[in-house]
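All values below come from the heavy atoms of this structure, side chains included, with hydrogens, waters and symmetry mates left out.
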Amino acid sequence: MVSPHPDDAVWSCGGILHAWAARGDDVVVCTVFDADGARRQEDADALGLLSVRVRSLRIPEAAERGFYPGPLSRRRGIHAEDRGTVETVAEALLPQLSDADVVLLPRAERTHVDHLIARLAGERVAATLGTELSYYPEFPYSAPLGAPARVHRVDFRPWLRAGLAYRSQVDGMFGGPVRFTRALARHARTPGGHCVWREIPGVS
């Protein structure tokens with residue numbers, strides 16, 4: 001699985017990551033833009049709670065690359081001078097994904113430039129390897145799925161527990177665990193009250 005930043009994989013897919021690991025699958029998350037050591041540690045702690053392995057690419061995120069001066073600029077697509085980052089990420093991902101049966105990528109619709117770069121790089125690598133692709137909608141973005149989704153029932157408790165391990169982002173983006181918990185529950189639950197993960201099938 002490709003995670004643009006620390007927290008994206010767990011926040012968006014923690015329930016299914018837990019389910020796969022619990023049945024014995026070898027689940028690996030490749031975190032792309034994680035040059036920040038403190039956030040890398042949160043990522044390792046959270047994924048450890050789910051018994052999922054992490055591979056860190058340590059590429060600087062958009063705010064550190066100099067082409068995106070503010071949050072809005074990071075929602076407007078890839079800057080012309082930043083297009084080489086797609087190739088940089090693809091080169092870094094290729095050896096990490098070479099033994100994958102399926103690669104999960106962020107849908108990256110109306111989200112963040114780093115998510116788009118991660119998706120494009122992942123698609124390039126999957127095409128090279130002939131690997132099956134699926135996509136996931138990212139939390140906390142409220143972007144449209146853009147395609148019919150498969151719905152998988154999952155357990156909310158380990159998903160939430162791992163999500164809360166990203167304390168810097170839980171506090172910084174949500175003001176604390178209570179608001180984060182409510183937001184994640186809204187993302188994960190159906191009108192019938194079930195906890196689900198939504199998968200968008202794709203092809204390499």
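Between Arg74 and Asp82 there is no salt bridge, since no side-chain nitrogen of the basic residue lies less than 4.0 Å from a carboxylate oxygen of the acidic one. Salt-bridge annotation for Asp26 and Arg53: present, with a side-chain N of the basic residue lying under 4.0 Å from a carboxylate O of the acidic one.
Glu138 contributes a side-chain N or O that, together with a main-chain N or O of Ala108, makes up a donor-acceptor pair within less than 3.5 Å. A donor-acceptor distance shorter than 3.5 angstrom exists from the side chain of Asp155 to the backbone of Arg157, with no hydrogens or angles considered. Side-chain N or O atoms of Asp34 include none that pairs as donor or acceptor with a backbone N or O of His5 at under 3.5 Å. Under a 3.5 Å cut-off, the side chain of Arg161 and the backbone N or O of Leu49 do not form any donor-acceptor pair. Between the Ser134 side chain and the Leu104 main chain, no donor and acceptor come within less than 3.5 Å of each other.
If you chain together hydrophobic residues whose side chains sit under 4.5 Å apart, Met173 and Leu184 fall into the same group. A continuous path of ILVMFWY side-chain contacts below 4.5 Å connects Ile59 to Leu97, so both sit in one hydrophobic cluster. Note on Met1: it does not cluster hydrophobically with Val28, by side-chain heavy-atom contacts below 4.5 Å among ILVMFWY residues. Under a hydrophobic clustering in which Ile, Leu, Val, Met, Phe, Trp and Tyr are joined whenever their side-chain heavy atoms come within less than 4.5 Å, directly or via other members, Val102 and Val125 fall into different clusters. Hydrophobic clustering of Ile, Leu, Val, Met, Phe, Trp and Tyr side chains at less than 4.5 Å, counting indirect connections, unites Tyr135 with Leu116.
Separating the CZ atom in Arg40 from the CG atom in Leu57 is a distance of 11.0 Å, to the nearest 0.5 Å. Rounding to the nearest 0.5 angstrom, the gap separating the CG atom in Asp36 from the OG atom in Ser168 is 7.5 Å. We find the CD1-CD1 distance between Ile117 and Ile78 to be 4.5 Å, quoted to the nearest 0.5 Å. With rounding to the nearest 0.5 angstrom, the CG atom of Leu133 is 12.0 Å from the CD1 atom of Ile200. To the nearest 0.5 Å, the span separating CZ on Arg107 from OG on Ser12 amounts to 14.0 Å. Taken from CZ in Arg83 to CG in Leu120, the straight-line distance is 11.5 Å, to the nearest 0.5 Å.
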Run the side-chain contact (heavy atoms from CB on, under 4.5 Å) check on Leu93 and Val2 step by step: do they pass?
CA-CA 9 Å; Leu93 280 175; Val2 175; 4.1 Å; yes
For Phe139 and Val10: C-alpha separation, side-chain torsions, deciding distance, then whether side-chain contact (heavy atoms from CB on, under 4.5 Å) applies.
CA-CA 9 Å; Phe139 173 84; Val10 170; over 6 Å; no
Could you please spell out the steps behind the side-chain contact (heavy atoms from CB on, under 4.5 Å) verdict for Arg39 and Asp7?
CA-CA 9 Å; Arg39 292 190 67 191; Asp7 71 43; 2.8 Å; yes
Begin with the C-alpha distance, continue with both residues' side-chain angles, and end with the deciding distance and a verdict on side-chain contact (heavy atoms from CB on, under 4.5 Å) for Leu160 and Phe180.
CA-CA 9 Å; Leu160 175 62; Phe180 173 81; 3.9 Å; yes
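With hydrogens and angles left out, the side-chain atoms of Asp45 and Tyr166 include no donor and acceptor closer than 3.5 Å. In summary, the side chains of Tyr68 and Glu61 do not present any donor paired with an acceptor at a separation below 3.5 Å, with no hydrogens or angles considered.
For the residue pair Ser51 and Ala21, the shortest heavy atom distance occurs at O-CB, 3.7 Å. Residues Ser3 and Asp8 come closest through the heavy atom pair OG-CB, 3.4 Å. Closest non-hydrogen pair, Arg75 versus Arg110, comes out as NH2-O, 2.9 Å. Of all heavy-atom pairs spanning Gln96 and Ala92, the tightest one is CG-O, 3.4 Å. Counting all heavy atoms, side chain and backbone alike, Val154 lies closest to Ile16 at CG1-N, 3.7 Å. Shortest non-hydrogen contact noted between Ala62 and His112 is CB-CE1, 3.9 Å.
Using a 4.5 Å heavy-atom cutoff, the side chains of Phe33 and Thr85 are in contact.
Across Trp159, Tyr136, Phe174, Tyr141, a single residue satisfies ring pair (Phe, Tyr, Trp, His ring centres under 6.0 Å) together with Trp11, and that is Phe174.
Within 6.0 Å of CZ in Arg189 there are more than 12 heavy atoms belonging to other residues, nucleotides or ligands.
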